[in-house]
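Reading through the structure tokens given below for one structure.
Bear in mind that the values here come from a model prediction, so they are computed numbers and not experimental data. Per chain, numbering begins at 1; letters A, B, ... match sequence-line order.
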Protein chains: 2
Amino acid sequence: MGAKRKLDYDCPIRDVLDRVGDAWSVLTILELSKGPCRFNALKRVIDGISQRMLAVTLRNLERDGLVSRQVLPTAPPQVEYALTDRGHSLHGAIGALNAWAVEHQPGIRRDRSHYDQRPKLV
Amino acid sequence: MGAKRKLDYDCPIRDVLDRVGDAWSVLTILELSKGPCRFNALKRVIDGISQRMLAVTLRNLERDGLVSRQVLPTAPPQVEYALTDRGHSLHGAIGALNAWAVEHQPGIRRDRSHYDQRPKLV
DNA sequence: TCTCATAGTTACGTCAAGGGAACCGCCCTT
DNA sequence: AAGGGCGGTTCCCTTGACGTAACTATGAGA
């Protein structure tokens with residue numbers, strides 16, 4: 001069984017982790033938390049994302065009701081993406097994790113380099 | 001550049017996501033949150049994990065100071081893994097995310113199947 | 001002596017996530 | 001008429017994550 005186990009998700013957190021574990025999803029949510037944004041604007045501001053991955057990511061977020069997609073009747077038609085209420089609440093939850101990360105990163109960094117430098121005393 | 005971008009992590013949340021996004025890490029933390037446990041005991045209780053992945057996962061968790069590894073002077077030597085304080089606090093943060101997941105899963109499920117059934121009105 | 005358990009490591013093959021680039025129709029500007 | 005931005009889709013190919021299986025050492029028990 002190669003790669004990721006997309007196994008039966010009776011477990012709710014797995015559903016979330018599938019989204020939160022994906023870096024592009026998180027970055028997209030973080031960007032959209034600042035306000036609605038259009039496709040190419042997102043593409044420009046999310047550093048390193050490919051056009052394809054942005055499309056895929058937005059589709060998944062939309063599918064989960066985290067992001068809304070609105071086609072503006074302009075010419076040429078523009079598409080505006082925004083966080084839904086649910087998306088905003090997930091952003092909050094991610095914020096909590098982010099707070100943990102910010103608080104503990106220095107210690108983790110320290111332990112990590114310490115671990116890497118120690119001899120292999122298997 | 002295939003698969004995951006292990007890019008420069010100035011961003012703390014990326015560090016966390018690298019761990020939290022990994023299903024095995026989360027499952028391991030959840031198991032260890034119940035109390036210390038030995039290698040093969042973990043292997044038996046974490047459904048579907050391979051020996052190799054458990055070893056890799058534990059190494060990474062230990063490296064980040066989330067899990068401690070203690071060799072017991074028994075014969076044959078047994079190795080007991082346990083959450084550190086930091087590990088416990090991460091377990092708390094994951095719990096928050098889990099709460100969000102439990103609360104929103106029904107809605108997500110609904111939206112998801114709704115999305116899947118709607119015609120492709122591109 | 002043979003086998004089992006404990007706690008791994010190493011080698012190898014596979015498979016799908018994701019990057020890159022080309023392509024699409026539409027409209028605007030030059 | 002030729003380019004350029006918008007909002008994607010489709011294809012191919014690489015690569016890294018992961019499972020499988022074999023191998024390690026040590027000591028207990030039959």
Side-chain angles (χ1 to χ4, degrees), chain A residues 1-7 14 17-28 31-32 36-63 67-82 115 119-122, chain B residues 1-7 14 17-28 31-32 36-63 67-82 120-122:
Chain A
M1 192 191 308
K4 239 171 199 165
R5 331 174 354 115
K6 298 274 179 192
L7 50 91
R14 296 309 216 82
L17 287 181
D18 247 32
R19 208 94 347 266
V20 168
D22 174 18
W24 294 136
S25 292
V26 172
L27 289 178
T28 304
E31 266 313 309
L32 287 178
C37 199
R38 288 182 297 111
F39 187 90
N40 277 329
L42 281 173
K43 183 166 172 290
R44 274 188 295 267
V45 81
I46 300 177
D47 189 51
I49 197 168
S50 67
Q51 200 160 7
R52 189 178 147 275
M53 285 317 295
L54 179 55
V56 169
T57 299
L58 287 171
R59 283 287 162 280
N60 284 329
L61 292 175
E62 190 197 355
R63 192 171 94 103
V67 156
S68 65
R69 177 178 186 271
Q70 189 187 1
V71 182
L72 303 177
T74 56
Q78 300 180 338
V79 180
E80 191 161 86
Y81 292 93
Y115 182 97
K120 265 200 163 186
L121 40 77
V122 182
Chain B
M1 192 193 307
K4 241 169 198 165
R5 333 175 349 120
K6 299 272 180 190
L7 50 90
R14 295 308 216 85
L17 288 181
D18 246 31
R19 206 91 355 261
V20 167
D22 174 17
W24 294 136
S25 292
V26 172
L27 289 177
T28 304
E31 267 313 309
L32 287 178
C37 198
R38 289 184 295 110
F39 188 90
N40 277 331
L42 281 173
K43 182 167 173 288
R44 274 188 295 268
V45 82
I46 299 176
D47 189 53
I49 197 169
S50 68
Q51 202 161 6
R52 197 181 76 89
M53 284 317 294
L54 180 56
V56 169
T57 300
L58 287 171
R59 282 287 161 281
N60 284 328
L61 291 174
E62 190 197 355
R63 192 171 95 103
V67 156
S68 65
R69 178 179 183 270
Q70 188 186 2
V71 182
L72 303 176
T74 56
Q78 299 180 338
V79 181
E80 192 162 86
Y81 291 93
K120 267 201 161 186
L121 40 78
V122 183

All N/O contacts under 3.5 Å from nucleotides 1-6 of chain C to the protein, with atom names and distances to one decimal?
| from | atom 1 | to | atom 2 | distance (Å) |
| --- | --- | --- | --- | --- |
| dT6(C) | OP1 | R44(B) | NH1 | 3.4 |
| dT6(C) | OP2 | N40(B) | ND2 | 2.6 |

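Rounded to whole Å, the distance from CG on L58(B) to P on dT9(C) is 10 Å. Protein atom CD of Q70(A) is 13 Å distant from nucleotide atom P of dG8(D), rounded to whole Å. Separating the CD1 atom of I46(B) from the P atom of dA7(C) is a distance of 14 Å, rounded to the nearest angstrom. In this structure, the CD atom of E80(A) is 10 Å from the P atom of dG7(D), given to the nearest Å. Rounding to whole angstrom units, CG of residue D22(A) and P of dA16(C) are separated by 18 Å. The nearest whole Å value for the distance from the CG atom in L42(B) to the C1' atom in dA7(C) is 12 Å. If you measure from atom CD of E62(A) to atom C1' of dG8(D), you get 13 Å, rounded to the nearest angstrom. Whole-Å rounding puts the N60(B) CG to dC18(D) P distance at 10 Å.
Partners of R63(B) according to the side chain to side chain donor-acceptor pair (under 3.5 Å) rule, which considers only residues two or more places apart in sequence or in another chain, are D116(A). Partners of R59(B) by side chain to side chain contact (heavy atoms under 4.5 Å, CB included), not counting sequence neighbours, listed by chain and number: Y115(A), E62(B), R69(B), Y81(B).
Under the 4.5 Å side-chain criterion, counting only non-hydrogen atoms from C-beta, L58(B) is in contact with T28(B). Contact of the F39(B) side chain with the Q51(B) side chain is registered, since non-hydrogen atoms from C-beta on lie closer than 4.5 Å. Counting heavy atoms from C-beta on, the side chains of V26(B) and L17(A) come closer than 4.5 Å. Side-chain contact between R52(B) and T57(B): absent, with no pair of heavy atoms (C-beta onward) separated by less than 4.5 Å. L27(B) places none of its side-chain heavy atoms less than 4.5 Å from the side chain of D47(B).
Toward the 5′ end of DNA chain C lies the nearest nucleotide of R59(B), the other residue of the pair R59(B) and Q51(A) mapping further downstream. If M53(B) and A55(A) are placed on DNA chain D by their nearest nucleotide, the residue sitting closer to the 5' end is A55(A).
Residue S50(A) is in sugar-phosphate contact alone, with no base atom involved, counting any heavy-atom pair closer than 4.0 Å across all strands shown.
Listed nucleotides dA7(C), dC18(D), dG18(C) differ in distance to R52(B); the shortest reach to its side chain belongs to dC18(D).
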